[in-house]
Trainee: 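My questions will all concern the structure given below.
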Amino acid sequence: MKALNEKEAVLMHVKFAAYMMFLIVLTLFFVFSFLKTSEAEIAEINLKTGDCDKIYRVQMELCDDIDDLFTRYKSFDVTEDVNSEFLMHSIVDRKMEISKKISQLPENDVKIHSFMISKMEELLRVRDSISAMKKEELRMKEDLFLCNGDYKKLNKQKRNSQFLK
């Protein structure tokens, strides 16, 4: 015996199966698009991370270069027999290399480094003045000790000559 609404029941089963297939295809499409979007986002994140790593590496190199520059400049005071012309030339070359590296990066990433380089001339002039004043002070102390020693010798000779008379 067949049901009176067999055609309608079969038609409803076919409609249900069609809706189910449509929903499965739609779900698969959404999952596929989500995975593709995630893949693109991950690629973008990796690209940005690589850029940030490169900028960080260059910033650390700049810090080391500036430190090296100050170390070279300190060598003026450390050794007396230094070839000052060669040393100044190497300092200028190093400063130019640092300026080139700074110009290759975005301005926001190297504000401190560019500020240090821009103020370096002023700092080095002050440092030169202090160094020159220290040398002048040492020369005056030596002259004072020499004069004091000469005065003591002269006084001693006077006393000895007065004692002999």
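Owing to the predicted nature of the structure, the values given are computational and were not obtained by experimental measurement.
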Trainee: Taking atom CG of Leu69 and atom CG of Asp93, what is their separation to the nearest 0.5 Å?
Mentor: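 It is 11.0 Å, given to the nearest 0.5 Å.
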Trainee: Given side chains that start at C-beta, do those of Met120 and Met116 come closer than 4.5 Å, heavy atoms only?
Mentor: no
Trainee: To the nearest 0.5 Å, what is the distance between NZ (Lys95) and CD1 (Ile66)?
Mentor: 10.5 Å
Trainee: Is the closest side-chain heavy-atom distance between Phe30 and Leu26 below 4.5 Å?
Mentor: yes
Trainee: CG of Leu105 to NZ of Lys54: how many Å apart, nearest 0.5 Å?
Mentor: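 Result: 6.0 Å between the selected atoms.
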Trainee: Would you give the length of the straight line joining atom CD of Glu8 to atom NZ of Lys15, rounded to the nearest 0.5 angstrom?
Mentor: 10.0 Å
Trainee: Tell me whether Leu146 is reachable from Met140 by hopping between hydrophobic residues (I, L, V, M, F, W, Y) whose side-chain heavy atoms are closer than 4.5 Å.
Mentor: no
Trainee: Hey, is Glu136 close enough to Arg139 for a salt bridge, meaning N to O under 4.0 Å?
Mentor: yes
Trainee: Nearest 0.5 Å please: distance from the SG atom of Cys52 over to the CD1 atom of Ile45.
Mentor: 11.5 Å
Trainee: Do Gln59 and Asp109 have side chains that get closer than 4.5 Å, going by heavy atoms?
Mentor: yes
Trainee: I'd like to know if Glu61 pairs up with Arg57 as an ion pair, taking the criterion as any Lys NZ or Arg NE/NH1/NH2 lying under 4.0 Å from an Asp or Glu carboxylate oxygen.
Mentor: yes
Trainee: Considering only heavy atoms from C-beta outward, does the side chain of Met133 approach that of Glu137 to under 4.5 Å?
Mentor: no
Trainee: For His113 and Ile98, what are the C-alpha separation, side-chain angles and deciding distance, and is it a side-chain contact (heavy atoms from CB on, under 4.5 Å)?
Mentor: CA-CA 9 Å; His113 303 92; Ile98 293 171; 6.0 Å; no
Trainee: Would the number of heavy atoms belonging to other residues, nucleotides or ligands and lying under 6.0 Å from CG of Leu11 be above 12?
Mentor: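 Check passes, neighbour count above 12.
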Trainee: Tell me whether Phe70 is reachable from Ile130 by hopping between hydrophobic residues (I, L, V, M, F, W, Y) whose side-chain heavy atoms are closer than 4.5 Å.
Mentor: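 Per the 4.5 Å side-chain linkage, Ile130 and Phe70 are not co-clustered.
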Trainee: Applying side-chain contact (heavy atoms from CB on, under 4.5 Å) to Asp65 and Glu97, what does each step give before you reach the verdict?
Mentor: CA-CA 9 Å; Asp65 290 345; Glu97 288 174 19; 5.7 Å; no
Trainee: Just do the side-chain contact (heavy atoms from CB on, under 4.5 Å) check on Met20 and Ile24 with the steps written out, would you?
Mentor: CA-CA 6 Å; Met20 190 60 90; Ile24 289 172; 4.1 Å; yes
Trainee: Hydrophobic clusters here meaning ILVMFWY residues chained together by side-chain heavy-atom distances under 4.5 Å, can you tell me if Ile112 and Val110 are in one?
Mentor: yes
Trainee: Going by heavy atoms in the side chains, are Asp68 and Arg94 under 4.5 Å from each other?
Mentor: yes
Trainee: Looking at CG of Leu35 and CD1 of Ile42, how far apart are the two atoms once the value is rounded to the nearest 0.5 Å?
Mentor: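 Reported to 0.5 Å precision, the distance equals 9.5 Å.
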